[in-house]
Number of protein chains: 2
Amino acid sequence: MSTTPPGTPPNPPPAPTRRATITDVAREAGTGKTSISRYLNGEFSALSPELRARIEAAIARLDYQPNQMARGLKRGRNRLIGMLVADLTNPYSVEVLQGVEAACHALGLMPLICHAANEVEMERRYLQLLTTYRVEGVIVNALGVREETLRPVGDGGIPAVLVDRRVEGLIADMVGLDNGAAAELGTRHLLERGFDHIWFVVQPFERVSSRRQRVEAFDRAMRDEGRARGRTLVLDLADETAVERGLAELDGAIDSLDGAGTAPRVALFAANAPVALRLALHLNARYGAHWQSRVALLSIDDPDWAELAGITTIRQPTYDIGYRAVEFLHERIEGALTGARDCLLPGELIVRASTAR
Amino acid sequence: MSTTPPGTPPNPPPAPTRRATITDVAREAGTGKTSISRYLNGEFSALSPELRARIEAAIARLDYQPNQMARGLKRGRNRLIGMLVADLTNPYSVEVLQGVEAACHALGLMPLICHAANEVEMERRYLQLLTTYRVEGVIVNALGVREETLRPVGDGGIPAVLVDRRVEGLIADMVGLDNGAAAELGTRHLLERGFDHIWFVVQPFERVSSRRQRVEAFDRAMRDEGRARGRTLVLDLADETAVERGLAELDGAIDSLDGAGTAPRVALFAANAPVALRLALHLNARYGAHWQSRVALLSIDDPDWAELAGITTIRQPTYDIGYRAVEFLHERIEGALTGARDCLLPGELIVRASTAR
DNA sequence: CTGTTAGCGCATTCAT
DNA sequence: ATGAATGCGCTAACAG
């Protein structure tokens with residue numbers, strides 16, 4: 001590579017073929033490995049300034065970097081934590097990740113990010129891999145897995161914190177949106193704005209607890225109101241045929257309520273961004289760019305295109321969720337013995353053209 | 001914020017249930033560690049069926065999982081590779097990641113995903129961390145860093161493969177979009193469709209080679225055509241004031257060319273999705289939902305909302321880029337001595353309403 | 001076929 | 001204040 005221009009003093013030491021080890025440094029500094037180790041761990045009180053300087057110099061000269069693996073092996077902690085993400089394609093996940101990273105940074109942890117890409121088999125594989133690398137804990141945004149898959153996690157196993165979703169049979173800390181409050185918030189908003197036919201659209205529950213909770217809160221809010229009509233549509237985004245069947249049902253409802261020029265009475269409440277996108281695409285294709293004058297769309301999650309499309313959303317405190325999750329996990333790693341805790345954060349309603357009247 | 005690097009904090013280790021070690025298994029199976037090791041490595045030819053069965057049973061009974069860290073320490077390879085992503089918020093990155101993951105899976109590698117979140121300091125930190133964990137190689141989607149930061153990488157250092165962008169002064173394999181061809185493809189498309197005032201909008205080049213290449217190809221294509229007018233607008237998305245200044249300039253151009261009912265003559269060519277989104281948001285705010293009748297928008301990158309907004313795009317072969325990068329890296333890890341290779345993949349033009357006439 | 005031995009790079013007693 | 005010795009969990013010679 002030789003990026004050093006000829007004639008320039010070679011400030012960086014020549015890349016050692018074999019990385020320097022603690023032994024090399026000890027020899028170079030004319031001392032024992034113990035002192036080097038002490039230096040590395042900041043135990044300066046046990047080092048004469050003179051020795052300390054020599055060590056410093058030797059390290060610089062050799063471009064020495066302690067091997068984390070070896071350190072981990074020795075002390076039984078490697079500062080690694082696993083972050084299992086169900087679907088990075090969902091902006092929600094990326095945002096949560098930002099919080100996770102920030103917290104890890106602050107706590108001296110290194111997140112090992114694993115992406116299950118919505119495949120249960122991947123999830124299983126990564127979880128197994130994580131335990132094999134002896135991560136000190138895991139943050140799990142689980143797919144529809146049974147507790148079975150998470151066996152290494154939880155009691156006696158690796159400390160774990162759940163994000164967004166519970167896992168049946170697994171008792172662990174969990175942090176996520178207050179789904180009940182959020183769904184209620186959205187529903188009330190739609191009712192207030194005068195929509196009297198509201199469809200809650202959600203992916204199959206499988207084992208995703210948050211989805212179920214959102215639907216339940218929606219149902220409850222609709223029941224409380226009494227007059228308006230609420231229905232639920234389950235859309236399996238992985239099955240295009242099924243999706244189209246569901247959408248046709250929706251179309252029927254919308255068409256039948258066409259108020260001939262009056263404000264729309266039908267509102268769609270998407271349980272999350274992927275669903276909202278699918279709905280928007282369909283409505284756009286069917287009714288053209290003016291679909292908003294026919295139906296209102298509200299979604300939990302606030303993807304970047306929401307502003308562009310002008311749909312109302314309930315933004316999740318994603319960053320905080322991630323940050324909080326790491327904090328919980330850190331406490332567990334440090335040995336906190338509390339019972340499983342829940343941290344439910346509120347969502348924020350962002351009203352846009354879609355439901356503004 | 002404590003920036004204590006992982007591995008350094010001298011905290012008391014917790015006391016989790018101790019996982020079984022190879023020694024435990026050996027004892028349980030009434031044999032030596034060597035045989036267990038052989039079993040783990042699939043050297044069955046050196047194990048009597050009887051012993052093999054006993055080992056199998058012991059492993060199951062103890063729920064034993066070999067410690068990768070220890071294995072890595074011993075054999076000098078830990079099957080870990082680093083994947084440094086500049087900005088996970090960009091769908092491009094997530095898609096590349098999918099390819100990376102698939103390839104890793106296929107090659108028995110474990111990707112350690114690091115997200116620099118557009119901060120050079122983060123990038124530096126993660127790179128340092130990766131070498132500290134002794135990853136066998138890194139795939140780098142670099143920010144505007146100098147070769148300096150990547151010193152551990154490259155000749156003599158950790159094998160590396162660049163994605164999307166070159167790093168000044170660093171000679172390494174690189175895989176990404178054929179920027180020249182892509183920008184030319186887009187430009188020609190716009191010209192064919194009759195747009196005669198084309199703005200290429202791009203973020204500051206900093207050290208991102210792909211941005212510069214795209215602009216250059218655009219300029220070239222415009223020069224070749226001759227008649228039409230091409231301009232470049234640099235938009236620093238991180239500086240809102242500057243962004244608005246730039247957008248105002250754009251507005252002026254659009255307004256002055258208002259064809260009073262005729263088809264739009266102005267087209268915007270966004271160098272990537274983030275830029276395209278910013279443009280769309282602005283146009284939507286300024287001209288209303290009908291902005292498409294005033295300006296055309298074409299973008300490199302094909303984010304999910306492109307279909308919704310109906311803008312034309314040039315989709316990058318993201319998955320392949322990621323997959324290929326891992327393959328390159330794997331070859332390097334296995335000792336390939338070839339000179340630095342380039343793999344430029346073609347983009348695919350997806351024509352949508354925005355430029356369809 | 002199978003077990004013994006000797007480290008991998010480092011942190012930790014325990015002496016000095 | 002400093003260093004020698006021991007072992008973390010595992011693999012790789014090297015014997016039997």
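Quick caveat, the model's predicted, so the values are computed rather than measured. Proteins get letters first, then strands, A, B, ... in listed order; numbering begins at 1 in each.
Look at CD1 on B:I36: it is 13 Å from C1' on D:dT11, rounded to the nearest Å. Note: CE (A:M69) to P (D:dT11) measures 15 Å, nearest angstrom. Residue A:Y39 contributes atom OH, which lies 15 Å from atom P of C:dC10 at whole-angstrom precision. Here the C1' atom of nucleotide D:dT2 and the CG atom of A:L47 are 9 Å apart, to the nearest Å. Taking atom CZ of residue B:R77 and atom P of nucleotide D:dC10, one finds them 19 Å apart after rounding to whole Å. For the pair B:R79 CZ and D:dC10 P, the interatomic distance rounds to 18 Å; values are reported in whole Å. Look at OH on B:Y64: it is 7 Å from C1' on D:dC10, rounded to the nearest Å. B:N41 has its CG atom 11 Å from the P atom of D:dC10, to the nearest Å.
Taken to the nearest 0.5 Å, the CZ atom of A:R79 stands 8.0 Å off from the CG atom of A:L107.
Partners of B:D173 under the salt bridge (Lys or Arg N to Asp or Glu O under 4.0 Å) rule, at least two apart in sequence or in another chain, are B:R332, B:R341. When the side-chain hydrogen bond (donor to acceptor under 3.5 Å, both in side chains) test is applied to A:R134, no partner is found at least two apart in sequence or on another chain. Remark: A:E28 pairs with A:A58, A:R61, A:L62 by the side chain to side chain contact (heavy atoms under 4.5 Å, CB included) rule, at least two apart or across chains. The salt bridge (Lys or Arg N to Asp or Glu O under 4.0 Å) check on A:D87 picks up nothing, with sequence neighbours excluded. Shown here are the ring pair (Phe, Tyr, Trp, His ring centres under 6.0 Å) partners of A:Y133, two or more places apart in sequence or in another chain: there are none.
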Exercise. Where do A:T132 and B:Q68 land on the side chain to side chain donor-acceptor pair (under 3.5 Å) test, with the steps shown first?
Worked result: CA-CA 6 Å; A:T132 244; B:Q68 284 295 15; 4.9 Å; no
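Each of B:A20 and A:S45 was matched to the nucleotide of DNA chain D holding its nearest heavy atom; the match closer to the 5' end belongs to A:S45. Between A:S48 and A:A70, the one whose closest nucleotide on DNA chain D sits nearer the 5' end is A:S48. Checking A:S37 against B:E50, the closest nucleotide of DNA chain C that is more toward the 5' end is the one next to B:E50.
Here A:T23 lies out of heavy-atom contact (under 4.0 Å) with every strand.
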What pairs of nitrogen or oxygen atoms, one from the protein and one from nucleotides 3-7 of chain D, lie under 3.5 Å apart?
unit_1, atom_1, unit_2, atom_2, d
D:dG3, OP1, A:T31, OG1, 3.2
D:dG3, OP2, A:T31, OG1, 2.2
D:dG3, OP2, A:G32, N, 3.3
D:dG3, OP2, A:S35, OG, 2.9
D:dG3, N7, A:R38, NH1, 3.4
D:dG3, O6, A:R38, NH2, 2.5
D:dA4, N7, A:T34, OG1, 3.3
D:dA4, N6, A:T34, OG1, 2.6
D:dG7, N2, A:K74, NZ, 2.8
D:dG7, N3, A:K74, NZ, 3.0

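Axis angle between the ends of the helix from C:dC1-D:dG16 to C:dT16-D:dA1, five pairs each and rounded to 10 degrees, works out to 40°.
Residue pairs meeting the salt bridge (charged side-chain N to carboxylate O under 4.0 Å, His left out) criterion with at least one partner in residues 104-121 of chain A, sequence neighbours excluded, are A:E121-A:R124. Counting only residues at least two apart or on different chains, the salt bridge (charged side-chain N to carboxylate O under 4.0 Å, His left out) pairs with a member in residues 31-41 of chain B are B:R38-B:E43.
Listed nucleotides: C:dA11, C:dG9, D:dC10. Nearest to the side chain of A:L40: C:dA11.
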